[in-house]
Novice: 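One structure coming up, written as C-alpha cells, with questions to follow.
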Amino acid sequence: MKRTITITINGEARNVDVSPSDVLLSVLRDRLGVTSPKEGCGRGDCGSCTILLDGKIVRSCLILAIEADGHDIVTIDGLGKDGATKLQKALIANNAFQCGFCASGIILAATALLEKNPSPSEEEVKEALSGNLCRCTGYQPIIDTILEVSRS
Amino acid sequence: MSDLKYVGTSTVRVDGAPKVMGAATYVDDMDFGGNLIYAQVVESPHAHALIKGIDTSEAEAVPGVIRVVTGEEFPFTFGLYMQDRYVFARDRVRFVGEQVAAVLSRDPRIAMAAAKLVKVDYEVLPNVLDLGDALKNDAVLVHENLADYEHVPWFFPRVNTNIAHWRKTRKGDIKKGFAEADVIIEDTYEVPRYAHCPIEVHAIVGLYDHSGRLTLWSGSQSPFTQRNVIAEALKPLGLSHHQVRVITPFVGGGFGGKAGVSMEIIAAAVAMVVRGNPVKVLWSRAQEFYNTYQRQGVLARVKLGAKKDGTITAIEHDLHWDAGAYVEYGANVVNAVGLSATGAYRVPNVKIDSLCVYTNLPPGGPYRGFGYSEFHFGLESHMTRMAKQLGMDPIEFRRKNAIRGGDTLCYGAEMNENGLLEAIDKVSDAIEWGTKEESADENKVIGKGFSCFWKAPAMPPNASSAAFLKFNEDGSINITVSGMELGQGYLTVMAQVVAEVLTVPPNKIRVETPDTDRNPYEWQTVASHVTWSCGNAVKKAAVEAKEKMIDVVHRARGFDKDDLYLDDEKVKSKSDASFELPFSEFVINGIMTEDGTFRGGPIVSSGMFMPEFASALSDPETSQGGHPNVHYTVGAAGVIVEIDKDTGKMHIKRAVLAVDAGKALNPSLVNGQIVGGMLQGIATVLYEEIKFDKNGKLVNCNFTDYKLPTSLDVPDEVIPIIIEVEQPDGPFGARGIAEHTMIPAAGMIANAVEDALGIRLKTLPITAEKVALALNGINYEDVRGDFMGLCFMGDREKYDFDAVRQT
C-alpha cells in the first residue's frame, strides 16, 4: 500500500515512500531527517510541529504525509537558509527564548503573520501565537520582539 | 565591583542562535539508525493491585516483537534520597500508569500494538487515594516494607504507616507564643497536584555495547545524578560508574520534572538485556503527565498568632503531603518545607510538622519552587487575613515582621543579609498600593494582592560543582561543566563569569551541554543553585588559568608576577606599558625564550565548589543544630486583577515581582525568569486543574483538558524588579532566582480576589468557575462531581490533623 510522494522541503524536491496512515510530522522527522518541527503532544494542542505548507501555518502532526504530496513545505531550517531573518536576529538579540523547544513553531507562526500583516497590533500578534504553547518565557519577550521588528 | 565588564550585562545567550535557527538538538532529534529498538511500556490499570502473573506469550508471538521484559529480570530498587522505586513493578502496582513490562520492537507501532496483548493477572487491592485514607490508624499500606528501604540520614520514616518522612521543626516555646498573642487565626488551605508540562516530553536512548559500556542519551536536568543512581541500581548486573556515560543534549524544559531519575531507568535496564542495540523510551504527552513526577498536593493548617501592634508571636504549620506511590525524591520536598514554612518572617516561636504521605497516585517529586509555592499559598493568605484582623495594612504588617540578616532561622542558623524590605517597598510602589482602582466596566471589579516569598536551595550538604577550562590556539576558550541548560541561561552566565576573570568576551567562549565522560561533576541542575554553586567552580577555574598564564609570562619574560595583569585578551605589565602579549601568542604553544626553548604549554585549569559549612545533621525532634540551607533568596510580588462578577473570569492587569539576585550576572536573563516564572505561577492559580477519577486514574492528561496559558492569557503588564544585596559567597555576589519567580503567585492572587470581592478562597486553583460559584454562595466541592484532584475528598473543615500523632 506504500506510495511514493514528492514534497518540496525548503526548496528541494524530496521523494519518500509512505503508507496512507503516515503522519506528516513523523515522515519529516523519522524518514527525511528534518527534525526542527518537534512533537510536543501529537494532537494539535501545542504547535511545536508547526510548518509552512504553501505559505500557510499547519500543524504537521495533524495531517497525513500523502496530503502534502506535491506541496511546498518550509521549516525553520529553510527560513534561515541564507542567514538569520530580521525576526530571528531580533529574537537572538533580545534573549527571547529559553529552552527553545517551541521556537521553531512560534517563529514560523510569527513569520506567516508578518508576511500577511506587516504591521500587526499587539492583539493580532497574541492571536497569531495563540496556537503555540511555550512553558518558559511567559510569551511577552517574544510578542515584544515581533512588534519591535514590525515597527522597525 | 563597579568596573565589571561582562558580568552584570545583558549578554546575548550562547544558545540563542542554535535555538532560534532550529539547530539545537534534543534527544528525540538524534538519529540512532536502523538498529534502534523502541520499548513500549505496559501500564497498570489499577491504583493498587498484586501482580499474580504476567503472560507475554501472545505479545511475543507478534511478528516484529523482539521480546518482552518484565520486573522479574530487574529485582533492583533505586531512588535519589530513598530507595523505594523499582525498574518495573514487581509484586504489586501502586499507581495507575505504573510500568509493569515493556515490549521491544524495531517498529514503534508494532511495539504499541503488542503491548496491548501482554496479559497481566492482577488481584486488586484496596487503595489509598487521599490523605484521610492514608493516615487512618488501620490504613492500607502502600509500602509494607518501608523499614527495609535505604534512605538519607535526614529522613524519619514511620514503619507500619504510610508516613515516609516526618520533618519536625521546633523553635522557642509555642504555647507561650500563642499565649502572648492578641489575635490567633487558624485555617486550612489545600493545594492539589500539578504537572510540570515541559513542551518536550521525557525521552531517553540507552545503548549497552559489546564492550560493556552503557551510554545514555537523556533529556535530563541531572546527568551525573542520573549516572550515579543508575549505576548504583544496576550494579548487580556488573556495571560500575566509569562504564556508564550520560550525554545530555538540549532539554526542552524541565521545571524539576527532569531531575533525578524517573522513567530513565527503563531505558538503562532494558538496554542491558538487548546488548548492542540502542533502546529508545519516548513518553507520550499522557505519560508525561502521570509517570514522571508530579508536584505533590498538600493540606496545610496554619495557626498564626500576633500582638495588637502587629508583632508575630508564633506560627504552627502542619503540612500533610500527598506524595504519591514513590517518594524517593518527593520526601525531600516535604523536608525542605519543614525547615522553612515560616516564610520570610522573623517568628520567635515555631512549630512545623511536615509529613510525607504515601498514596496510590503518581509519584510526587521536585517541581520549580520545591514545595515553597504550596506553603506560601496558605501562609501569605494568612498574613493578609491577620493584618486585616489587626486593623493593619497588609504590606506594613509584612514589613514589620520581615526577616533581616542576622535573625535566627527556625532551625537555629543565621539568616543571610538580604533585600526583602527594598523588595517590599518597590513592589508596593509599582502596584500603587493604597490606591483603589475602579474598572471602566461596571460589571467588573479590581483587586490588588501582595505576597512576600523566600526559598533556599534544597540540597544535600555536600552537593557540589566542578568546572574544566581550556584555551584554544586563537585565545578563545572552551569550558566544560555539567549543569544543564534548561532555558534559564546557565551556559551564558558561566561564559560571562569566565569572561570577566580572563577578559575574553563571552562570544569567544564555548560552553556546551554535558557528557559525563568528558565533563566534570555537577550534582544536579535544580534548587536554583547552579549560578551560585557552579558559578563559584567556574570562577575558580578561571582564576587558576589566570595564575598559570601569569606564571608562564613571568618565567619566560622575567616580569614579577605582581606586575602582570590581564586586559583585553592580553597579558600586560603595570610597570612597562609597552609590553602586551596577546593570549593567542602563547596559550597553547607557550613562549619562546632567547635560547629557542619554550616555557608554558596548553593552558588548562579546573575549579570546584562545595559549601563546606552546610550540615543536615540535627535533632530529629526539633531540627535544631544543623545548617541545612546555604542561604535564602527573598523577594516580594504584587498583582492587580480585574474580575468579571458574572463569569468570575480574572484578568491580570499588572504583575510585579522583585527578587534579590545578590548580583544579577545577566539582567536580561533574570528578567526572563521573572516574566516566565510569573506566568507559570499564575497558570497554577487560574488555569491548571488536575483531575483523577475515583479509581485514581488521571483523566485530563493532555493540553486540551489541562489548560496551559497561551499568548492570549498574559498579563497586560509585567514589571520585573531586580534587587542586589550581595551574597558574599556567591560568584560576583550572585545567588539563584529561577524557581522563586513562581512562588508568590497563589497567595497574591487569593489576596487580590478577596480585596476585590470579599471572598477568601482556600483551595487551589482559583478558577473563574470557582469564583463565580462563590459569588453565588456555592461551594465548589459540593458541585464538582466524581472528579477528584484534592488531597482530601471529605469535608476539609473536618480533616483531623492531630489524629496522626497517635500513630
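Each chain gets a letter, A, B and so on, in the order its sequence line appears, and its residues count up from 1. Given the structure is predicted, the values throughout are model-derived calculations rather than measurements.
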Novice: Mind checking the CG-CZ spacing from B:Asp15 to A:Phe97? Nearest 0.5 Å is all I need.
Specialist: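 Nearest 0.5 Å value for the CG-CZ distance: 12.0 Å.
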Novice: Looking at chain B, which one of A:Glu39, A:Glu123, A:Arg43 has the largest number of heavy-atom pairs inside 4.5 Å, strictly under?
Specialist: A:Arg43
Novice: Is it the side chain or the backbone of B:Asp29 that comes within 4.5 Å of chain A heavy atoms, both, or neither?
Specialist: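 Answer is both: backbone and side chain atoms of B:Asp29 are under 4.5 Å from chain A.
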Novice: Give the minimum heavy-atom separation between A:Pro141 and B:Val675, together with the two atoms involved.
Specialist: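 Heavy atoms of A:Pro141 and B:Val675 come nearest at CD-CG1, 4.2 Å.
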Novice: Using non-hydrogen atoms only, which part of A:Ile143 is less than 4.5 Å away from chain B: side chain, backbone, both, or neither?
Specialist: side chain
Novice: Less than 4.5 Å to any heavy atom of chain A: does that hold for the side chain of B:Leu486, its backbone, both, or neither?
Specialist: backbone
Novice: Taking every heavy-atom pair that is under 4.5 Å apart, which of B:Arg13, B:Glu288, B:Arg285 has the most such pairs with chain A?
Specialist: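 Most pairs with chain A among the choices: B:Arg13.
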Novice: Any idea which heavy atoms bring A:Cys41 and B:Phe703 closest together, and the distance?
Specialist: CB-CD1, 4.2 Å
Novice: Could you tell me which portion of A:Glu122 (side chain, backbone, both or neither) has an atom closer than 4.5 angstrom to a non-hydrogen atom of chain B?
Specialist: neither
Novice: Please classify the contact of B:Pro18 with chain A as side chain, backbone, both or neither, using a heavy-atom distance under 4.5 Å.
Specialist: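 Contact with chain A involves no heavy atom of B:Pro18 at all.
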Novice: Hey, is the main chain of B:His196 close enough, under 3.5 Å, to the side chain of A:Arg135 for a donor-acceptor pair?
Specialist: yes
Novice: Kindly give the heavy-atom pair with the smallest separation between B:Met21 and A:Ile76, and that separation in Å.
Specialist: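 Result for this residue pair: O-CG2, 4.1 Å.
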Novice: In terms of heavy-atom pairs under 4.5 Å with chain A, which of B:Gly487, B:Gly16, B:Gly253, B:Ser711 leads?
Specialist: B:Ser711
Novice: Counting heavy-atom pairs under 4.5 Å with chain A, which one of B:Ala24, B:Gly489, B:Cys197 comes out on top?
Specialist: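 Most pairs with chain A among the choices: B:Cys197.
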Novice: Identify which part of A:Ser130 has an atom lying under 4.5 Å from any heavy atom of chain B, answering side chain, backbone, both or neither.
Specialist: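 Backbone plus side chain of A:Ser130, per the 4.5 Å heavy-atom cut-off to chain B.
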Novice: Mind checking the CD-CG spacing from A:Gln140 to B:Leu679? Nearest 0.5 Å is all I need.
Specialist: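 Those atoms lie 9.5 Å apart.
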Novice: Side chain, backbone, both or neither: which part of A:Leu133 has a heavy atom under 4.5 Å from chain B?
Specialist: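 For A:Leu133, heavy atoms of backbone and side chain both lie under 4.5 Å from chain B.
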Novice: Is A:Glu115 atom CD crowded by more than 12 heavy atoms from other residues, nucleotides or ligands, each under 6.0 Å away?
Specialist: no
Novice: What's the separation between atom NZ in B:Lys19 and atom CG in A:Asn95, rounded to the nearest 0.5 Å?
Specialist: 10.5 Å
Novice: Measure across A:Ser36 and B:Gly22 and return the closest heavy-atom pair with its distance rounded to 0.1 Å.
Specialist: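 Closest approach of A:Ser36 to B:Gly22, heavy atoms only: CB-O, 4.0 Å.
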Novice: Can you give me the closest heavy-atom contact between A:Gln98 and B:Gln673, atom names plus distance?
Specialist: OE1-NE2, 3.2 Å
Novice: Got more than 12 heavy atoms from elsewhere within 6.0 Å of CE, B:Met112?
Specialist: no
Novice: Pairs of donor and acceptor atoms involving the side chains of residues 12-20 of chain A, under 3.5 Å and at least two apart or interchain, shall be tabulated with distances.
Specialist:
| from | atom 1 | to | atom 2 | distance (Å) |
| --- | --- | --- | --- | --- |
| A:Arg14 | NH2 | A:Leu32 | O | 3.1 |
| A:Asn15 | OD1 | A:Thr6 | OG1 | 2.8 |
| A:Asp17 | OD1 | A:Thr4 | OG1 | 2.6 |

Novice: Given the options B:Thr11, B:Val201, B:Asp28, which has more heavy-atom pairs under 4.5 Å with chain A than any of the others?
Specialist: B:Asp28
Novice: With distance as the sole test, does A:Tyr139 use its side chain to make a donor-acceptor pair with the main-chain N or O of B:Asp713 at under 3.5 Å?
Specialist: no
Novice: Which atoms form the tightest heavy-atom contact between A:Phe101 and B:Ile199, and what is the distance?
Specialist: CE2-O, 3.5 Å
Novice: If you count heavy-atom pairs under 4.5 Å with chain A, which of B:Met678, B:Gln488, B:Arg109 comes out on top?
Specialist: B:Arg109
Novice: Is it the case that over 12 heavy atoms from other parts of the model lie below 6.0 angstrom from the NZ atom of A:Lys56?
Specialist: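 Counting other residues, nucleotides and ligands, NZ of A:Lys56 stays at 12 neighbours or fewer.
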